[in-house]
Amino acid sequence: MKLLDGKVAIVTGAGGGLGRCHALALVAAGAKVVVNDVGGSRDGTGGGSSMAEAVVGEIQKAGGTAVANTDSVSDPAGAERIVQSALQAFGRLDILVNNAGILRDKSLPKMEDGEWRPVIAVHLDGSFFCGRSAARCMKDNNVAGRIINTTSYAGLVGNFGQSNYGAAKAGIAGLTRVWAQELSKYGITVNALAPMAKTRMTEDIDAIPGEMTPEMVSPLVVFLASDLAKGVNGKILGAHGRHYFEYKTVLTPGVKKESDWTVQEIAEKFGAICGEGAPPPAALKMPESLTERIKLAFQLMEKAFTPEKAKGWKAVLHFFIEGADNYTIGVDEGKAAIRPGHEGSATCQVRVAAATLADMIEGKLSGVQAFMSGKIKANNLNDLKRFGEVFDFKRARAAATQGAAPAPATVPVAGPDLAPVMERLPQAFLPDRAAGWNGKVVFDAAGTPGWTLTIQDKQCSVAPGKAADATCTISGPAEVLGDVLTGKVDFMQAAGKLKANNVPAVLKLKQAIDWAKLKSSAWAAPAPAASTGLNRALVGKKYKSGALFVRPEKIRAYLAATLNEAAAPDVAPPLFPVTLIPDLFRAIVADDHRGDLSRVVHGEQRMRFGAPLRSWDLVTPRGTIAAIDAKETGEIMHVDQDLYCEGKLAVEMRTSLFFRGTQPKSASSSPAAPEKPAGKKLFSTSVTVPEDLSRRYAAVSGDDNPIHIDPEAAKAVGLPGVILHGLCTMALATSAIVEHLGGDASRIEELAVRFSSVVQPGDTLTTEGYEVEPKRIAFVTTNQSGKAVLTNGAARIR
Ligand code: NAD
């Protein structure tokens, strides 16, 4: 006994494409079928009986039962005749599949009535007429029937150039939901299908691969037509080849009011109405004068501050504002203080034009855009990044437009911690210059316990507290002392702000210390601890981010950003999946507030592939912190990120991040000239990194770390200039392997590399591959100087 034995089905537009496959599948499941088709061309012109008859012939040849009908669905009388042909041929009607369709694409300004009307007529009118005739027939004959409509991504999500088609398909989704409600009392269910498959309708759409055949969609039609789907009603199901899913309409919780809404109130609450949680782009009235605008902007900073995001962040930001007054923002213990002028010792200096800052506060320019275009600069990127995360201008605008006056500052600006500065002084001591001088210098900084520096027989030591037998006492504000003792300000320049009771001793001290050494950035920064203190409690925690489509335009952009434009965008290249997870990755790494991101280096990357991802695959990213290892030089966080597609694990990725500790050791300290892997040499491919590649890759990968975009930002963290993303280098090396495999990326089962040193625009990279085992290629990538940039490269081949 077959699933649809005894049932009679009509499939409209069954002379080819999806309809033909649905008809064949229904017959294979036991149904008798009316094969309807006008037999016209793709745009609905022409006609004839040959298409419908050919499919009937095919069915009969396979032992099935079918009759042909060539009426047009867009004619109400024709629709009625289609239903009658089922009754005449087989005596009943159980299933209607509304599938017929045509296409006449044009963008809105160019679309003529002759393109609009016929498309609406075939899809929307046709579904209505056939649905009405079938529903009447099923109701009158007490048949618990099935109606399966055909809608489309273009109608449910939207698609360029398809006003007519999109409107008709959205209308069909509407019919489905209404009919599902109206007809359920007769036991009739109504559902819709939004298919995606290669047919004559999609023959010129590159994004739909030839392997995505209509046969893959039809099992869903058979299911919906069967008793197995008795309880399924009013659903809209996507079927992208074999990938089935449901389209759902989401209603946000919205916002209720007791009294009538004003337009202004709607504007203010728009974000919340739309369920975005955040307030709308508020219409903030800014004063005319730039100085006043900046003043208001800094008042708003108080409102913009998000304490829950500031956990563990201690900073003093000095804003140097071109065209307006300067300001200081101090953040400590989840509180912020905003002050005019510069107070305290800055952990970060931010330089920005008044107009840029005003635009950011008003919501005309995002912080990221400002940074990317070089309009806002800072000498401590970690602080600038945290500033962007912690100060939410949207929130500030909403608060300001609700009339709440900015609250006064809550905590004083944090003063510098002098302890690490004092502890470094003996390391900059120049014993020979102190010959013959023994003394005790007390540093008496307001609000601190004080320190005593002792020089005795060319030895230097520092201890907390103020020695009673000091030969010299230097006193003044902690900030000024901090600036002097880190070599930023000369003793003499600070003379007006510091007091000393023994000037010759100050001069001797000045001579005995290497101030340049203290000033150098490596010294000025607090010495990192051996352990970066990564939070081991997070190991095993699961992370997820929303499902997303593999969009063909994104693959195309990725191919261009990895110098691979010639490849087709229907199949994603091996490393493309890393561009689908920036949100997940950020969520994982940002969760560990104890890890200092400015010290993080991408150490290794491993990937394992199931089937390659294809255009329009819907993938679900999942992640976890797999492990944290301690090394002498720092800690390594191993992050696992997986992509699921159609319920199966499609890509596994392990990213190992090295957090540098006491011995700043970047991955670049690997041997300069790598050992060539053993085995037969298979290929050697060279490529020169274009000047704009890191910027292009940043845009496509979502990794917009300024070290890849802004030369000054890169230099601020000790790099020679902007550097290419490690994963882009890995993608270039992978292309060499794919090329060796004759362009078939699906043969790569596993990939692994270690990132050994940085790559800069203009570098020429050479990837050499060696056969170490029959299905294993070892590879190494070097730059023009022969220095390794990727080592331990390994590819397992299917
Ligand atoms: P297709 O062109 O191969 O099939 C459409 C069939 O409908 C043709 O055989 C055509 O002759 C017939 N037809 C046209 N006007 C008719 C009329 N007035 N009366 C009766 N028959 C008529 O295209 P397809 O891709 O198989 O499309 C089938 C359905 O799936 C359509 O509704 C289409 O909009 C929808 N769809 C297809 C895709 C896809 O990826 N192929 C995507 C979304 C939606």
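First listed ligand is number 1; within each ligand, the first listed atom is number 1. Positions are given from 1, in the same order as the sequence printed here.
- Listed by number with element, the atoms of ligand 1 under 4.0 angstrom from any heavy atom of G17 are 3 (O), 26 (O).
- Applying the 4.0 Å criterion to heavy atoms of M196 picks out, from ligand 1, the atoms 40 (O).
- The residue from Q162, M201, R42 that puts a heavy atom closest to atom 27 (O) of ligand 1 is M201.
- A salt bridge between K32 and D94 is absent, with no side-chain N of the basic residue lying under 4.0 Å from a carboxylate O of the acidic one.
- The shortest separation from a heavy atom of T202 to ligand 1 is under 4.0 Å, placing the residue in contact.
- Contact check on K106 versus E112 returns no salt bridge, with no Lys/Arg side-chain nitrogen under 4.0 Å from an Asp/Glu carboxylate oxygen.
- Interface of M51 with ligand 1, defined as ligand atoms under 4.0 Å from a residue heavy atom, comprises 9 (O).
- Counted by atom type alone, T176 and N149 present one or more donor-acceptor pairs between their side chains at under 3.5 Å.
- Side-chain N/O atoms of T562 and N564 include no donor and acceptor closer than 3.5 Å.
- For T151, the heavy-atom gap to ligand 1 drops under 4.0 angstrom.
- For atom 19 (N) of ligand 1, the choice among N69, D75, V73, T45 with the nearest heavy atom turns out to be V73.
- For atom 36 (N) of ligand 1, the nearest non-hydrogen atom from the set Y165, Y153, W616 belongs to Y165.
- Using a 4.0 Å cutoff on heavy atoms, R20 does not count as a contact of ligand 1.
- Listed by number with element, the atoms of ligand 1 under 4.0 angstrom from any heavy atom of T150 are 29 (C), 30 (O), 32 (O), 35 (C).
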